[in-house]
Amino acid sequence: MDEIAMLRRVPLFVNMDEQEVAGIRAIMEPNVFAPGQVIFREGEPGNHFHVIMEGNVEFITQDSEANELVLDSSGPGGFFGELSLLTGGPRSARVRAVDKVSTLALDREQFHEFLLKHPHAALDVLQVLGNRLKRSDELLRRSVSQNVNELQERKMTLGLRIADGFAAVMGSWAFIIIQSIILTIWVITNVIFRDTTKAWDPYPFILLNLALSFQAAYAAPIIMMSQNRQSDKDRLAAEIDHNVNKKAEIEVALIMRRLDDLERGMHHNHHEQCNLLRDVRPAVGD
């Protein structure tokens, strides 16, 4: 596949015609990276956008415990660095070559000049980026907002459902009241008719004790099954909370780095403006 055809597979350029893509290729520079080489790191300025022509790369970040996390990977026809190219912000992840990688790199300033000359291409780029950001936001929401009840519901077996229902019935006032009424009728009836054949369980109510023993023998393990399921649910909830907290910590750290970069940029711009004003004042005096 030639380079123009490869570029037209990139989502940023998919809506451009062949002439526009050829114009993009004319301002791109080839790069080659060795296996294991880091192409760029988190926090570095985003000055280039890369289209992968050969090889594979992986996108890496770190969690709150400084462990390496591989976010994604990409091969020929893939691309990276497009958001930093447009915003000028620092890189949000590290990109490392898995094997020998060759790319075509696009300089940020040249790309901006190209978009100014081709407004239709600029609209295409904005549309594609908007769709990518929307999908990323949806994925992030789904990955964080996990419902413990829904996750546990999918793991429920018939036996666990019966155990939960049994425990819910035995742990209600309705069960206590109904059982108390039955026991009262049982005892009173057998006491009143203790000297007749109508008494099916005369004092000391051996049959009643046997029935209650059977109830207790089966109720205890069934209730324990329900409690164990609740313990599993609590552990799952704690694990989800922990993952959410780790993600929040990572996001806060990224935000803090972005704020630091913005602050440095503001100081740099202020310094340049002060120098410009000092250069302008003598000229105005002359």
Side-chain angles (χ1 to χ4, degrees), residues 59-72 131-256:
F59 307 96
I60 304 168
T61 188
Q62 289 184 337
D63 60 16
S64 57
E65 299 176 354
N67 296 317
E68 189 175 272
L69 297 176
V70 178
L71 300 176
D72 200 1
N131 292 333
R132 285 172 59 87
L133 291 175
K134 182 180 178 180
R135 288 195 299 269
S136 298
D137 181 68
E138 291 174 351
L139 289 173
L140 180 60
R141 290 180 184 274
R142 285 200 296 269
S143 64
V144 173
S145 304
Q146 298 183 74
N147 191 319
V148 179
N149 295 321
E150 292 179 356
L151 294 176
Q152 192 68 22
E153 186 71 18
R154 291 197 290 266
K155 299 179 180 179
M156 290 281 285
T157 63
L158 178 60
L160 290 176
R161 295 180 191 277
I162 294 175
D164 278 358
F166 186 84
V169 171
M170 292 200 67
S172 65
W173 275 108
F175 177 81
I176 295 175
I177 293 173
I178 293 173
Q179 180 170 264
S180 298
I181 293 173
I182 293 174
L183 293 178
T184 301
I185 294 174
W186 184 299
V187 172
I188 292 175
T189 302
N190 283 279
V191 169
I192 294 175
F193 299 103
R194 64 180 179 275
D195 296 329
T196 66
T197 57
K198 294 182 179 181
W200 66 88
D201 186 25
Y203 182 82
F205 313 115
I206 296 175
L207 182 59
L208 177 60
N209 289 327
L210 181 62
L212 294 177
S213 297
F214 268 106
Q215 176 184 295
Y218 283 98
I222 293 176
I223 293 175
M224 285 298 297
M225 289 170 58
S226 180
Q227 290 180 345
N228 290 337
R229 188 199 64 78
Q230 184 62 42
S231 298
D232 293 339
K233 182 178 178 180
D234 293 339
R235 283 194 294 270
L236 180 60
E239 182 179 353
I240 291 177
D241 290 340
H242 176 67
N243 291 334
V244 171
N245 291 335
K246 288 177 66 176
K247 291 179 181 179
E249 186 175 353
I250 293 172
E251 292 296 327
V252 170
L254 291 175
I255 291 173
M256 293 302 297

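For the single chain, residues carry numbers from 1 onward in sequence order.
Smallest separation of non-hydrogen atoms from Val187 and Leu208: CG2-CD2, 4.2 Å.
Taking CD1 of Ile162 as the reference point, atom CG of Leu158 lies at 4.0 Å (rounded to 0.5 Å).
Each ring-ring contact (aromatic ring centres under 6.0 Å, His included) pair with one or both residues in residues 180-201, not counting sequence neighbours, appears once here: Trp186-Trp200. The salt bridge (Lys or Arg N to Asp or Glu O under 4.0 Å) pairs that include a residue from residues 207-225 number zero, where partners must be two or more places apart or lie in different chains. For residues 165-185, there are no salt bridge (Lys or Arg N to Asp or Glu O under 4.0 Å) pairs, not counting sequence neighbours.
Among residues two or more places apart in sequence or in another chain, the ring-ring contact (aromatic ring centres under 6.0 Å, His included) test is passed with Tyr203 by Phe205. Residues passing the salt bridge (charged side-chain N to carboxylate O under 4.0 Å, His left out) test with Asp164 are Arg229, sequence neighbours excluded.
Each of Ile192, Asn190, Val191 was checked for a side-chain contact (heavy atoms from CB on, under 4.5 Å) with Ile188, and the lone residue meeting it is Ile192.
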**Study point:** Candidate pair Leu183 and Leu212, rule side-chain contact (heavy atoms from CB on, under 4.5 Å), full reasoning
**Key:** CA-CA 10 Å; Leu183 293 178; Leu212 294 177; 4.2 Å; yes
Result block: side-chain N/O donor-acceptor pairs under 3.5 angstrom for residues 165-181, not counting sequence neighbours:
unit_1 : atom_1 : unit_2 : atom_2 : d
Ser172 : OG     : Val169 : O      : 2.6
Ser172 : OG     : Phe175 : N      : 3.4
Gln179 : OE1    : Gln215 : NE2    : 2.9
Ser180 : OG     : Ile176 : O      : 2.7

